[in-house]
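Counting begins at 1 with the first residue of the sequence.
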Amino acid sequence: MNIQKIALTGATLATLFAGSASTVFASTDTPPSSLRGEIREQKKEIRSDRQELRSTVAKKRSEELSKHCAQVVTNLTSIITRVDSRIAKQKTDGKDVASAETAIAEAKTALASGKTYCDQAVAKFDSVPTDKWSTQQPVIREAKELAKQSREMFVKARKAIGTAVKALVSNVRKAKASPTPSTNQ
């Protein structure tokens, strides 16, 4: 027996013993089939409550994921904009910025993919049915997988931004290391 079944059985028995056990055991004319019926009814009620709880949790995850993705996209877009301006500045100074431009293009692509995966995950979390676990489970798993892929794309974008920044910094170091020709003769 797994933990959930044990907890469900324990909760059912505790409810029965706490609420109606005294009346059931006090009267000897209660048929055993009515007790079984009560247990079945309480199990159905517990299942229904758990299904609604899972649906509510999925909706909350959807809201939180939506907020989180919006914040990540905003932050990374801001950083990409600043790096783009540094690339433009170094380009006008005549420095080689091809690797930085490639890395930023990769970051933009990964960011767009991450946002798409995130939107899909939010939609999946919003569409979790409330009927049975067997129908809820595949939708929740798919939504979690999409959220995981979104995170991976955001991490890829962040690493690409880091690569671009390193390329720009190395250009600055090269410029400082090489002596500038003097115009005085």
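Of all heavy-atom pairs spanning Ser127 and Val139, the tightest one is OG-CG1, 4.0 Å. In plain terms, the two heavy atoms of Ala167 and Ser99 that are nearest each other are CB-OG, 3.4 Å. Of all heavy-atom pairs between Ala98 and Asp96, the closest is N-OD1, 3.4 Å. Here the shortest heavy-atom pairing between Ala147 and Ala121 reads N-CB, 3.7 Å.
Using modelled atom types, no side-chain atom of Ser55 and backbone atom of Gln51 make a donor-acceptor pair closer than 3.5 Å. No side-chain donor-acceptor contact under 3.5 Å links Ser48 to the backbone of Lys44. Looking only at distances, no side-chain donor or acceptor of Ser66 sits under 3.5 Å from a matching main-chain atom of Ser62. With hydrogens and angles disregarded, no donor-acceptor distance shorter than 3.5 Å links the side chain of Lys124 to the backbone of Ile140. Counting only distance, with no hydrogens or angles, the side chain of Ser78 and the backbone of Thr74 share no donor-acceptor pair below 3.5 Å. Looking at Ser113, its side chain does come within 3.5 Å of a backbone N or O of Thr109 through a donor-acceptor pair.
With rounding to the nearest 0.5 Å, the separation of CD in Glu45 from CD in Glu38 is 12.0 Å. From Ile104, atom CD1 reaches atom CD of Glu106 across 10.0 Å, with rounding to the nearest 0.5 Å. Note: Phe125 CZ to Lys60 NZ = 13.5 Å, rounded to the nearest 0.5 Å. Atom CD of Gln90 is separated from atom CG of Asn171 by 4.5 Å, given to the nearest 0.5 angstrom. Taking CG from Asp84 and NZ from Lys91, the interatomic distance works out to 10.0 Å, rounded to the nearest 0.5 Å. Here the NZ atom belonging to Lys115 is positioned 4.0 Å from the CG atom belonging to Asp119, to the nearest 0.5 angstrom.
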### Task
Check the pair Leu146, Gln149 against side chain to side chain contact (heavy atoms under 4.5 Å, CB included), reporting the backbone distance first and the verdict last.
CA-CA 5 Å; Leu146 287 167; Gln149 289 173 339; 3.7 Å; yes
### Task
Check step by step if side chain to side chain contact (heavy atoms under 4.5 Å, CB included) holds for Val169 and Val165.
CA-CA 6 Å; Val169 168; Val165 169; 4.2 Å; yes
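Residues Val83 and Leu76 are members of one and the same hydrophobic cluster, defined by side-chain heavy-atom contacts under 4.5 angstrom among Ile, Leu, Val, Met, Phe, Trp and Tyr. The cluster map of Ile, Leu, Val, Met, Phe, Trp and Tyr, joined by side-chain heavy atoms under 4.5 Å apart, puts Met153 and Val72 in different clusters. Residues Ile80 and Val73 share a hydrophobic cluster, clusters being chains of Ile/Leu/Val/Met/Phe/Trp/Tyr side chains in contact below 4.5 Å. Val97 and Ile161 end up in the same hydrophobic cluster when Ile, Leu, Val, Met, Phe, Trp and Tyr side chains are linked at under 4.5 Å.
Counting heavy atoms of neighbouring residues, nucleotides and ligands inside a 6.0 Å radius, atom NZ of Lys144 does not exceed 12 of them. Heavy atoms of other residues, nucleotides or ligands lying less than 6.0 angstrom from NZ of Lys148 number 12 at most.
Between Asp126 and Val122, some side-chain heavy-atom pair lies under the 4.5 Å cut-off.
Counting only residues at least two apart or on different chains, the disulfide bond (SG atoms under 2.5 Å apart) pairs with a member in residues 46-158 are Cys69-Cys118.
Ion pair Lys89/Asp93 not flagged as a salt bridge, since none of the NZ, NE, NH1 or NH2 atoms sits closer than 4.0 Å to an Asp/Glu carboxylate oxygen.
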